[in-house]
Amino acid sequence: MRHADVAMYKAKDEGKNKVTFFSSELVEAVEKRQRLLSELRGALEAEELTVVYQPKMCLRTNMIASCEALVRWTKADGTTVSPAEFIPLAEDFGLINLLGYQVLKTVCKQARQWYDAGVLSGPIAVNLSPRQLKEPNFLQQLVDVINEAGVDPTWIELEITENAVMEDVDRALKVMHKINELGVSIAMDDFGTGYSSLSYIRDFPIRTLKIDTTFVSDLPSCSRAVAIAKTVLSLGHGLDLQVVAEGVETQEEAKMLKEMDCDFAQGYYFAKPMPEKDVTDFVREWKAAEI
């Protein structure tokens, strides 16, 4: 019965409505997942997860304007766990609200320090999980964290994916409007990879569209990727939104995005994610990347 249960959950993970046969590898995967879950609970209780920051460059001024906060997990033995592995785990087992709260608290404290020091001119972006968007206490948590850190709400931007919003559009819209009322801006992440309904984009109270890296990575060689990037830029600017290109890794990509009048860009061509202690020096010693 236990083996059948393992096979059933594997079938569910692969999209349901299918047959999956039990194997010893499945047991190993389940046991590994359980061990990782237990370690993640401990890491969250001890607040051992860290936040790194990837700078965003303004393509008009060639200056670092803001950054995106990204969570990282390094175990006590020095091994790192990929966010692609532990974030879905946190989502599946109800830990994502605690994780998101800890990240938001860390970012708000950091924002206070950086703005006092004049390091950044734009908001720090923080990824928001679909589960957080549904959490009844999320808005109050957001208010409490902002007030506790003494930050201006405009210093924070929440990144939400299209798919997260589409899970419950009516509720998401209400929450997003309340977030805006607080003064916190919202970015639509991974735009173009999900539903991309123009009627919803019209109604969403967002400030920023982010062009997904899957489109950026094919610039400038793929004519379809170029057409999609131009379309997103035209749509964003037509709606009076800022547009950020993610995953910029080459000078050619950066040059084309600048020629297309993209507002901001982030990616390894400009800077990798880095600890907070390195961001201040990086921004102050920044020499504009060649575009």
Side-chain angles (χ1 to χ4, degrees), residues 51-61 64-71 83-84 87 100 103-104 107 120-130 132-133 154-167 172 176 179-180 184-198 200-219 222 224-250 253-254 256-273:
V51 177
V52 295
Y53 301 86
Q54 185 170 37
K56 294 181 190 176
M57 196 190 86
C58 175
L59 289 172
R60 293 193 178 94
T61 65
I64 299 298
S66 59
C67 59
E68 178 180 359
L70 302 164
V71 64
I87 289 180
V103 170
L104 187 60
V107 170
L120 299 177
S121 59
I124 302 175
V126 184
N127 290 286
L128 188 64
S129 150
Q132 287 176 277
L133 202 60
T154 60
W155 299 350
I156 304 298
E157 181 176 67
L158 299 179
E159 292 192 3
I160 304 174
T161 64
E162 290 178 79
N163 293 346
V165 173
M166 296 301 293
E167 288 182 11
M176 290 167 73
I179 290 171
N180 266 185
V184 176
S185 59
I186 300 174
M188 183 64 71
D189 198 10
D190 298 340
F191 184 73
T193 62
Y195 294 90
S196 301
S197 171
L198 298 184
Y200 288 123
I201 292 297
R202 177 197 62 194
D203 297 331
F204 289 154
I206 59 177
R207 177 190 177 189
T208 304
L209 282 183
K210 299 194 75 175
I211 304 177
D212 187 70
T213 185
T214 54
F215 304 123
V216 173
S217 61
D218 288 331
L219 297 176
C222 176
R224 292 193 174 190
V226 172
I228 290 171
K230 286 182 177 179
T231 300
V232 174
L233 282 161
S234 177
L235 173 65
H237 291 157
L239 294 172
D240 198 26
L241 304 175
Q242 296 178 341
V243 182
V244 179
E246 295 184 287
V248 179
E249 296 190 354
T250 68
E253 293 167 1
M256 171 152 280
L257 288 163
K258 184 171 185 176
E259 290 172 352
M260 291 192 292
D261 203 27
C262 185
D263 301 297
F264 298 93
Q266 67 182 99
Y268 280 21
Y269 180 62
F270 304 110
K272 295 181 179 181

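Quick note: residue numbers are just sequence positions, from 1.
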Going by the rule side-chain contact (heavy atoms from CB on, under 4.5 Å), which residues pair with [X] if we only count those two or more places apart in sequence or in a different chain?
X      : result
Ser66  : Lys56
Pro273 : Val52, Gln54, Leu70, Arg72, Tyr268
Thr250 : Glu252, Glu253

Distance-only criterion, 3.5 Å: show the donor-acceptor pairs between side-chain atoms of residues 230-240 and protein atoms not counting sequence neighbours.
residue, atom, partner, partner atom, Å
Thr231, OG1, Ala227, O, 2.7
His237, ND1, Leu233, O, 3.4
His237, NE2, Asp263, OD2, 2.9

Practice problem: Compare every heavy atom of Pro205 with every heavy atom of Asn180, then report the nearest pair and how far apart it is. | Solution: OD1-O, 2.9 Å
Self-check item: Gap between atom CD of Glu259 and atom CG of Leu219 - 0.5 Å precision
Solution: 11.0 Å
Self-check item: Approximate separation, where rounding is to 0.5 Å, of Asp189 CG and Ile160 CD1
Solution: 10.0 Å
Are [X] and [Y] packed together at the side-chain level, in the sense that at least one heavy-atom pair is separated by less than 4.5 angstrom?
X      : Y      : answer
Cys67  : Leu120 : yes
Ile156 : Leu158 : yes
Glu68  : Asn127 : yes

Quiz item: Does Ser121 have any side-chain hydrogen bond (donor to acceptor under 3.5 Å, both in side chains) partners at least two apart in sequence or in another chain, and if so, which?
Solution: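 Ser121: no side-chain hydrogen bond (donor to acceptor under 3.5 Å, both in side chains) contacts found.
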Practice problem: Please list, chain by chain and in numerical order, all residues satisfying side-chain hydrogen bond (donor to acceptor under 3.5 Å, both in side chains) with Ser217, sequence neighbours excluded. | Solution: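 Partners of Ser217 under the side-chain hydrogen bond (donor to acceptor under 3.5 Å, both in side chains) test: none.
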